[in-house]
S.K.: 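Encoded as structure tokens, here's the structure I'll be asking about.
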Amino acid sequence: MFRKEFADVIGKTGMIPIKDLRPLLLDKSPAKVSELGLLNLTFFDDIKFAKQVAENYNLTFIDLSKAKIPDKTIKLIRKTDVLKYRVLPIQKTAKAVSLAIFDPSIVSLKTELQTLFQHPVEFILTNISSWAKIFDRVTESIDELLETIKEIKSDDSKKEESVNEEDIGEDVIRFVNRILADAYVRKASDIHIEPYENNFRVRFRVDGTLMEVAKPPKTLMAPMTSRMKIMAQMDISEKRKPQDGRIKLSVGGKPIDYRVSSLPTLFGEKIVLRLLDQSNLQLDMTKLGFEEQQLKVFKEGIHQPYGMCLVTGPTGSGKTTTLYSALAELNVVGNNISTAEDPVEFNLEGINQVNVKKEVGLTFPFALKAFLRQDPDIIMVGEIRDLEVGEIAVEAALTGHMVLSTLHTNDAPSTVTRLLNMGIEPFLVTGALNVVVAQRLCRKICTSCRAVDTKVTKEEIVACGIAPSSAEKIKIYKGKGCDACNGTGYKGRVAIYEVMDLSPKVKELILKHASSDEIKKQAIKDGMKTLRMCALTKVAKGETTLEEALNNSSADKF
């Protein structure tokens, strides 16, 4: 439609006076609805608008916001064609393919679309937000992505003189690109390329679980390893020492970083790549998985004028995402924020990020000392690993700075005892520490195949820590397995948290050198929800399974 037609439709709905639509009439060129930004206008009701459009153009309107459309139906069209034609297949019968549209002018392309689908087509008009929700499920095929892969090389990158890329065949280059594209499509967090005596395999970590995706011929191992090391600007002649590198690619038009690590093993070099996709970085704290009270306590902790906020958990538990979301919350013009990271995973606009480099002496302690001479308001240090870093961080927190960092402990109370065991005095810990957050990641049940798990008994639910009265009412869900989740029953992950505020009674216990169990018991009395409690809340909401909750949290003994 043209802008004037959009304005006419809105005028008929009565959502806004015609005089207020004049800005929409200034540009007479064709435009998509999304280009008008109508969804961002307070007066705009997209369902009301779509119904009026359907009436004007004699089309059938259906609100598809709650429609369950099979993945195999959506996959009838390539993403490039969705972007070209702005149609989405929602049903296929012997008679026709039903196409969801939001712009009635697409009806004029009926003949072209019938050629594309090799089948008669019919059009269903839906509201813009419903169409966008279905579009979010459309992914490029691997073959589509292979054509878009481009290396992004920095101007100062240096190649080893001994490297000759022509020695690596096109089949190897294409196979490596297919592995990288496949990992992107499956939303893998890591790629493992592993050599063994008689075979060679590729595994992806998806939603925290490793799965085997390929067993290429052993003859491909050496050229594949060399190809990846070349892309990561590593020394391919050095096969006796571990190396680190980075690959920057444009995949489907999106910049993706692959952090590369090589490790000499008995039968060759193992390569592991960590995928860093800026578009997947969740910086909205409200969407991370915090319970309402937990989020309130955490926000109060980071918004203090000074002090220390620590996030703890094992590798891969989402600590960096939580810290980045806190930095995004604090990232305003009035704050000078500096971070020391090993390595920097994502570039955050407005924040001064430093990559720790031990080989040149740029360590965490050195960076922290430098930050304190740079008029900082907020400092983030990737990890408190030893007494030296801990003492500098505590000193900074006590002298008017907000300090964010991580530790590796099992729960929030154990973080306090870890600091004390490092050699930091109890009175310094209680003076500096504002809040401690422990976290884990649980796999989410796939919404496309979620169903009630009838095998779980009331006794099993009670044994996990849920009150008998609640166990009577609660429904436990699981995923049956479908195309959307590759048959696993899980799709995506959600964080569970344990947020410990340092109440006066908790501080008293710390000063008395109390054990972590005593501190935990008091924190629970003060209102802290443990990891197990938070995990069971997610189970009750139908977000994760009982098995995931138990695997990612220890039982509360109090």
Side-chain angles (χ1 to χ4, degrees), residues 151-165 189-193 195 225-249 255-266 268-276 278 311 314-316 319-320 323-324 327 337-348 351-374 376 379-396 403-408 422-423:
E151 283 191 68
I152 303 171
K153 295 180 180 177
S154 57
D155 295 334
D156 59 347
S157 64
K158 295 179 180 179
K159 283 195 174 183
E160 299 293 330
E161 293 180 5
S162 59
V163 170
N164 185 359
E165 292 192 50
S189 60
D190 302 87
I191 305 169
H192 291 244
I193 298 166
T225 301
S226 294
R227 171 60 182 163
M228 288 191 168
K229 289 175 75 174
I230 289 169
M231 293 174 77
Q233 291 154 20
M234 294 156 68
D235 183 358
I236 65 167
S237 63
E238 179 56 78
K239 299 178 180 179
R240 299 166 299 171
K241 296 179 182 178
Q243 293 186 68
D244 294 311
R246 204 158 188 162
I247 298 172
K248 288 191 175 185
L249 295 180
I256 309 291
D257 276 11
Y258 298 80
R259 202 169 73 203
V260 187
S261 170
S262 71
L263 178 72
T265 67
L266 194 59
E269 290 180 281
K270 176 180 177 180
I271 305 288
V272 175
L273 300 93
R274 165 68 56 90
L275 277 71
L276 304 173
Q278 186 92 23
V311 181
T315 302
K319 298 188 299 295
T320 299
L323 282 178
Y324 276 3
L327 290 176
I337 305 176
S338 294
T339 73
E341 303 171 61
D342 183 20
V344 173
E345 294 196 7
F346 296 103
N347 175 36
L348 301 175
I351 294 175
N352 309 292
Q353 295 171 275
V354 173
N355 226 340
V356 169
K357 294 180 181 178
K358 293 178 183 176
E359 60 271 18
V360 297
L362 184 52
T363 58
F364 280 127
F366 193 90
L368 276 174
K369 289 173 184 175
F371 289 166
L372 294 173
R373 296 191 291 272
Q374 291 268 316
I379 295 170
M380 188 193 92
V381 56
E383 183 183 349
I384 296 177
R385 295 176 179 172
D386 51 44
L387 178 59
E388 186 180 9
V389 177
E391 284 182 331
I392 299 170
V394 167
E395 182 185 345
V403 180
L404 306 175
S405 191
T406 70
L407 273 176
H408 287 284
M422 279 184 183

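Residue numbers run from 1 in the order of the sequence given.
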S.K.: List the atom of V344, the atom of N355, and the distance in Å for their closest heavy-atom pair.
M.R.: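 V344 and N355 have their closest heavy atoms at N-OD1, 3.1 Å.
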
S.K.: Counting C-beta onward and ignoring hydrogens, is there a side-chain heavy-atom pair between V381 and I392 closer than 4.5 Å?
M.R.: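 No. Closest side-chain heavy atoms not under 4.5 Å.
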
S.K.: Do you know the tightest heavy-atom contact between E238 and K241?
M.R.: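 Scanning both residues completely, I find the closest heavy atoms to be OE2-N, 3.4 Å.
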
S.K.: Output the distance between atom CG (L407) and atom CZ (R385), rounded to the nearest 0.5 Å.
M.R.: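 If we round to the nearest 0.5 Å, L407:CG and R385:CZ are 11.0 Å apart.
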
S.K.: List the steps, then state whether salt bridge (Lys or Arg N to Asp or Glu O under 4.0 Å) holds for E345 with R259.
M.R.: CA-CA 9 Å; E345 294 196 7; R259 202 169 73 203; 3.2 Å; yes

S.K.: Kindly indicate whether the side chain of P195, heavy atoms from C-beta on, has any atom under 4.5 Å from the side chain of K270.
M.R.: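 Sidechains of K270 and P195: in contact.
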
S.K.: Any side-chain heavy atom of Q243 sitting closer than 4.5 Å to one from D235?
M.R.: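 In short, these two side chains touch, coming nearer than 4.5 Å.
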
S.K.: Could you grab the distance from atom CG of L404 to atom NZ of K319, nearest 0.5 Å is fine?
M.R.: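 Between L404 CG and K319 NZ, I get 14.5 Å after rounding to 0.5 Å.
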
S.K.: Apply side-chain contact (heavy atoms from CB on, under 4.5 Å) to the pair V272 and L263, showing each step before the final yes or no.
M.R.: CA-CA 9 Å; V272 175; L263 178 72; over 6 Å; no

S.K.: How many angstroms lie between CD in E269 and CE in M228, if you round to the nearest 0.5 Å?
M.R.: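 If we round to the nearest 0.5 Å, E269:CD and M228:CE are 12.5 Å apart.
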
S.K.: Between I271 and I191, does the side-chain contact (heavy atoms from CB on, under 4.5 Å) criterion hold? Intermediate values first, please.
M.R.: CA-CA 8 Å; I271 305 288; I191 305 169; over 6 Å; no

S.K.: L273 versus M231: any side-chain heavy-atom pair under 4.5 Å?
M.R.: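 Side chain of L273 against side chain of M231, heavy atoms only: no contact under 4.5 Å found.
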
S.K.: So do the side chains of K229 and V260 get within less than 4.5 Å of each other, counting heavy atoms only?
M.R.: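 No - every pair of side-chain heavy atoms lies 4.5 Å or more apart.
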
S.K.: Could you report the tightest heavy-atom contact between S189 and R274, atom names first, then the distance?
M.R.: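 Shortest heavy-atom separation between S189 and R274 comes out as O-CD, 3.3 Å.
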
S.K.: Can you confirm whether R246 sits close enough to L276 that some side-chain heavy atom of one is under 4.5 Å from a side-chain heavy atom of the other?
M.R.: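 Counting from C-beta outward, R246 and L276 do come under 4.5 Å.
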
S.K.: Would you please test E341 and M380 for side-chain contact (heavy atoms from CB on, under 4.5 Å) and show each step?
M.R.: CA-CA 8 Å; E341 303 171 61; M380 188 193 92; 3.6 Å; yes

S.K.: How close do I379 and A396 get, heavy atom to heavy atom, and via which atoms?
M.R.: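 Looking at all heavy atoms of both residues, the closest pair is CD1-CB, 4.5 Å.
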
S.K.: Measure the CZ-CG distance between F364 and D342 for me, rounded to the nearest 0.5 Å.
M.R.: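 So the gap between those two atoms works out to 5.0 Å.
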
S.K.: Compare every heavy atom of P264 with every heavy atom of P242, then report the nearest pair and how far apart it is.
M.R.: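 So the minimum-distance heavy-atom pair works out to N-CD, 3.7 Å.
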
S.K.: Determine whether S261 and D244 satisfy the following criterion, side-chain contact (heavy atoms from CB on, under 4.5 Å), listing intermediate values before the conclusion.
M.R.: CA-CA 5 Å; S261 170; D244 294 311; 3.7 Å; yes

S.K.: For atom CZ of F346, decide whether the heavy atoms of other residues, nucleotides or ligands shown that lie under 6.0 angstrom number more than 12.
M.R.: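 Yes - once you tally the heavy atoms of other residues, nucleotides and ligands closer than 6.0 Å, there are more than 12.
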
S.K.: So, do F371 and V354 sit near enough that their side-chain heavy atoms are less than 4.5 Å apart?
M.R.: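 Yes; the side chains approach each other to less than 4.5 Å.
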
S.K.: Between CD1 of I384 and OG1 of T406, what distance do you get to the nearest 0.5 Å?
M.R.: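 Result: 7.5 Å between the selected atoms.
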
S.K.: Is there a donor-acceptor pair closer than 3.5 Å between any side-chain N or O of N352 and the backbone N or O of I337?
M.R.: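 Yes; judged by distance alone, with no hydrogens or angles, the pair exists.
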
S.K.: So, taking the atom named OG1 in T339 and the one named CG in L323, what distance separates them when rounded to the nearest 0.5 Å?
M.R.: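 The CG atom of L323 is 10.0 Å from OG1 of T339, to the nearest 0.5 Å.
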
S.K.: Less than 4.5 Å apart, side chain to side chain, heavy atoms only: is that true for Q353 and L327?
M.R.: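 Q353 vs L327: side chains apart.
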
